[in-house]
*Asks:* 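Take a look at this one; I'll ask things after.
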Amino acid sequence: MADAAKKLPRIEINEKFCKGCSICVDFCPTDVLEMKGPVVVVKDLDACTRCQLCDLRCPDFAIQVFD
Amino acid sequence: MAKVKRFMQGNEACAEGALYAGCNFFAGYPITPSTEIAEILGYQLPKIGGKWIQMEDEIASIAATIGGSLGGCKALTATSGPGLSLKQEGLGYAAMAEIPCVIINVMRGGPSTGYPTGPSQSDMMTAKWGTHGDHPVIALTPSTVPEILTETVRAFNLAEKYRMPVFVFYDEIVGHMREPVEIPEPGDLEIVDRAKPTCKPEDYKPYDSNFEIAPLAAYGKDGYRFHVTGLNHGDDGFPTNDSKRIDQGCRSIMAKIENNLDDILKNETVDMDDAEIVLFAYGSTARSASFAQRKAREKGIKAGLFRPLTMWPFPEKAIREAAKKAKVFIVPEMNLGQMSLEVERCAPGIEVKGINRVDGEPINPAQILECIEKYK
Amino acid sequence: MTAEAAKKQKLSVPFDYSKYLRGGKLPHIWCPGCGHGIILKALLRAIDKIGLTNDEICMVSGIGCSSRTPGYVDFNTMHTLHGRALSYATGIKMANPDLNLIVTTGDGDALAIGGNHFIHTCRRNIDMTILVYSNSIYGMTGGQFSPTTPEGSKTSTSPYGAMEPNFDCCELAKASGATFVARATSYHVAELERTIKAAIEHKGTSVVEILDQCPIYFGRQNKYKSASHMMEMIEKDGTVSVKQVDKLPPEKLEGKLLRGILHQVEGEEYCDKYAKIIEKAQD
């Protein structure tokens with residue numbers, strides 16, 4: 001995975017909307033996210049496969065993954 | 001040209017009036033003694049492309065009526081006492097969300113299932129206080145079959161003009177009585193249509209407080225998208241917790257009535273100029289009262305008749321005025337004393353004598369005349 | 001769904017929800033971990049896939065958490081009374097059959113106080129999509145048992161365990177005459193979107209029961225650790241797709257709810273039928 005030329009996705013987290021339920025963290029297939037206090041943060045962007053499951057399961061319109 | 005006259009039943013005249021007013025939506029549930037209205041409209045509305053549906057219960061009927069109104073129709077439902085009880089939550093919603101609709105209530109004996117085929121006038125306070133919260137009420141009380149037609153037209157006009165539910169309340173006697181009715185030609189009676197917004201869609205506010213009565217768009221027909229709720233709401237129709245706006249909203253729905261009493265109130269007076277004995281009567285009882293009043297005058301008794309065609313809002317000012325000369329108000333009604341309380345409220349210090357019957361029999365002229373003579 | 005499966009669906013561009021949302025209304029009122037937002041998002045994606053415009057949709061709701069959905073979307077929207085959404089929606093649909101009616105309701109709203117309206121709406125087969133956000137609880141009033149609360153569950157009004165048997169919303173809808181009946185979950189998000197899309201596209205009464213988590217009121221009282229724990233236990237492990245039923249041994253199906261389109265038949269739609277009544281009356 002450590003390909004230097006690989007284009008990384010951009011994960012946008014809206015901290016104002018995130019209610020810290022951790023659904024995105026719990027269901028991320030590649031452990032990209034983690035909880036930091038009350039909100040979610042990106043832990044390992046490199047591991048992101050752009051599967052969008054975090055977005056699809058986020059109840060709060062708080063996370064989106066851009067290419 | 002001579003007008004067409006038809007011999008018809010009160011409930012038939014109601015349906016006729018609704019169609020004349022432009023009613024094109026009816027949702028109802030069968031209940032005695034109002035069912036003929038549903039039956040007639042079920043036959044007539046499809047003929048003009050109008051919508052008619054029999055719902056699963058009374059609650060659903062008022063809900064669908066309100067929905068039909070928001071879909072852009074002139075909407076009607078008809079019921080009787082027990083159904084009126086069930087419809088209360090919907091009536092509160094229509095008052096709160098300011099959605100025009102007309103509710104016919106043909107009064108039968110109560111409480112509860114009561115006396116389904118017998119007349120009464122015992123729902124008058126239900127009209128006023130039935131649903132919870134402070135809410136505006138317009139209730140019209142015709143006494144004759146022709147009047148049921150014209151008052152039903154007026155009810156639609158008031159509903160559309162003031163964006164609120166409007167009642168027509170009449171007892172089973174008038175509802176099932178047959179009289180000749182002159183059928184109005186188009187143009188004979190005034191028809192009021194709902195004010196439509198003219199602003200840009202993005203500027204539309206269904207409860208715009210710059211208007212006394214904001215124009216109401218129809219869902220999916222006028223190009224305006226908006227939100228409606230039974231919660232306290234702001235100009236945009238969305239729920240609000242702003243205490244100032246909540247206060248304003250609660251007051252403005254009442255102010256529509258208070259500021260337009262001249263337009264809403266309607267009553268008939270007979271020999272009131274020098275009346276010392278004032279009969280306050282409505283519905284079929286007013287017919288008996290009218291006869292008794294004439295007989296009393298023949299006997300030289302200074303009796304007058306005050307007959308409200310708009311019962312709610314109550315004709316306070318007129319009663320206060322009458323109270324200046326009257327020594328007694330006689331209020332015959334087929335209940336145990338409902339409107340007599342309102343008369344008492346507006347005529348402090350003056351005796352108010354109720355003639356009350358709840359046995360399913362009409363109050364007859366002799367009964368009223370006998371009472372008048374006691375006060376001569 | 002695995003990451004690979006998600007990839008196959010080419011989900012690499014995030015969906016722009018804003019065109020369907022009313023500005024300034026987010027964040028929504030739903031609790032942390034509540035599945036209602038997941039349903040709303042799936043619904044908006046389904047609407048987009050169908051290509052409906054905001055003007056063409058009328059969303060109606062009753063009372064409860066689910067019934068707050070219309071307040072967030074930029075359609076013709078109506079927030080009505082507890083249990084009555086379907087009756088209001090019926091009036092709107094009759095008045096204006098061109099509108100696509102979507103009713104968002106909850107298990108208590110649709111099946112308890114609105115139970116009568118639910119069965120009769122299904123019976124009429126009037127064209128509308130009923131999304132039952134089924135989280136087995138009255139959330140807005142603080143967690144009382146509802147008609148879909150599993151027997152034995154603890155709620156604030158069943159401290160010793162719910163004693164009433166629960167409704168099967170889908171069986172009820174089918175028996176009542178709905179011509180499209182499906183069950184989905186807020187866990188199976190892509191399937192949820194597809195199911196809602198199929199429901200909206202179906203002409204007639206469509207009912208989708210969406211198993212949905214209430215981690216705050218149902219979860220806490222029934223020893224679920226989190227929203228995701230509920231989604232795993234109730235929605236993922238508690239359901240089986242109709243497509244897999246034939247492949248699984250009976251013991252694997254025990255106690256599971258079926259997911260997917262459970263019933264779809266053609267039936268004459270109410271407004272179409274009424275149009276014929278008009279023709280007949282005018283003949």
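Every chain is numbered from 1 and lettered A, B, ... according to where its sequence line falls, protein lines coming before strand lines.
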*Asks:* So with a 6.0 Å cut-off around NZ of C/Lys25, is the heavy-atom count from everything else above 12?
*Replies:* yes
*Asks:* Side chain, backbone, both or neither: which part of C/His36 has a heavy atom under 4.5 Å from chain A?
*Replies:*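 Contact with chain A is absent: no heavy atom of C/His36 under 4.5 Å.
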*Asks:* Establish, from distance only, whether the side-chain atoms of A/Asp55 and A/Gln64 form a donor-acceptor pair under 3.5 Å.
*Replies:*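 The answer is yes; a qualifying pair exists.
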*Asks:* If you define the side chain from C-beta out and look only at heavy atoms, does anything of C/Thr185 sit under 4.5 Å from C/Leu192?
*Replies:* no
*Asks:* Hey, is the main chain of C/Ser134 close enough, under 3.5 Å, to the side chain of C/Glu209 for a donor-acceptor pair?
*Replies:*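 No: the side chain of C/Glu209 does not pair with the backbone of C/Ser134.
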*Asks:* So for A/Phe17, is it side chain, backbone, both, or neither that comes closer than 4.5 Å to the heavy atoms of chain C?
*Replies:* both
*Asks:* What option among C/Ser186, C/Pro27, C/Ala42, C/Ala227 has the most heavy-atom pairs under 4.5 Å with chain A?
*Replies:*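 With the most close heavy-atom pairs to chain A, the winner is C/Pro27.
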